[in-house]
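Structure record follows, encoded as structure tokens.
Along the sequence shown, residues carry numbers from 1. Please read all numbers here as calculations on a predicted model, not as lab measurements.
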Amino acid sequence: MVSVEPNDLYADMLELDEQLFKVNQRLLGSAMTSFVHTFDDEEPDNFTGNEENPAPREQRIRSSDLTQAFVQLNTCHTQLDKLKAKQDEITNIATQARECRAVVGDVLQVKNEQEQRKQDASMPLQAQQQAYLDELAARKSKFHAEIQREKDKLEERYAKKTRDTIYRNLVGADWFSSAGGGA
């Protein structure tokens, strides 16, 4: 199963948005800025001068400046149309991204529900396992107790035999036999 992280998806969408929008916006901004600077750099009186005080030659509007401004205005419209077309494409991409995000959300929800169901299904098994382990521990402790009793009995018997043997060796075998204290 492929794991898709929402943060990775958002980062990819941000990069796509920047590639599609920011480049064209910068180009359009620089074209409009150069157009505005052409007319804003000069004061209105100095563009053409007046009859009493003509403008210096370098401050006059030349036909090449007007031609350049006209071309920029005409290309601005075509650039705006291109941007509009790209905006439609981006709107489609954004819609697809929203749908993809919804699908990813649905997949994550289904995954979480499956994990919850698995945990719920394993609860009775865990209870049975715990009951079995408790029973096993009880049997084990009972078994160890029984072994300990048997061990204690053997040790008592061994100790008694040892005492009897020591007593026989100290008192004598004849007296012990006549007294009726045999093993």
Here the gap from Gln128 atom CD to Gln126 atom CD, rounded to the nearest 0.5 Å, amounts to 11.0 Å
Contacts of Asn92 that satisfy side-chain contact (heavy atoms from CB on, under 4.5 Å) - sequence neighbours left out | none
Any pair with a residue in residues 139-151 that passes salt bridge (Lys or Arg N to Asp or Glu O under 4.0 Å), sequence neighbours left out, goes on the list, sorted by first then second residue, please.
-> Glu146-Arg149
CG of Leu170 to OG1 of Thr165: how many Å apart, nearest 0.5 Å?
-> 11.0 Å
Atom CG of Asp88 and atom CG of Leu83: how far apart are they, to the nearest 0.5 Å?
-> 11.0 Å
Heavy atoms of other groups near Glu15 CD, more than 12 under 6.0 Å = no
Check side-chain contact (heavy atoms from CB on, under 4.5 Å) between Glu156 and all other residues, then give those that pass, not counting sequence neighbours.
-> none
Distance col, row Gln129:CD vs Leu136:CG, nearest 0.5 angstrom, shows 11.0 Å
List in chain and number order the residues that pass side-chain contact (heavy atoms from CB on, under 4.5 Å) with Ser141, two or more places apart in sequence or in another chain; answer none if no residue qualifies.
-> none
Option among Glu115, Gln116, Gln109 that satisfies the side chain to side chain contact (heavy atoms under 4.5 Å, CB included) test with Glu113 | Gln109
Contacts of type salt bridge (charged side-chain N to carboxylate O under 4.0 Å, His left out), residue Arg117, not counting sequence neighbours = none
Can you name the residues that form a side-chain hydrogen bond (donor to acceptor under 3.5 Å, both in side chains) with Gln130, not counting sequence neighbours?
-> Asp134
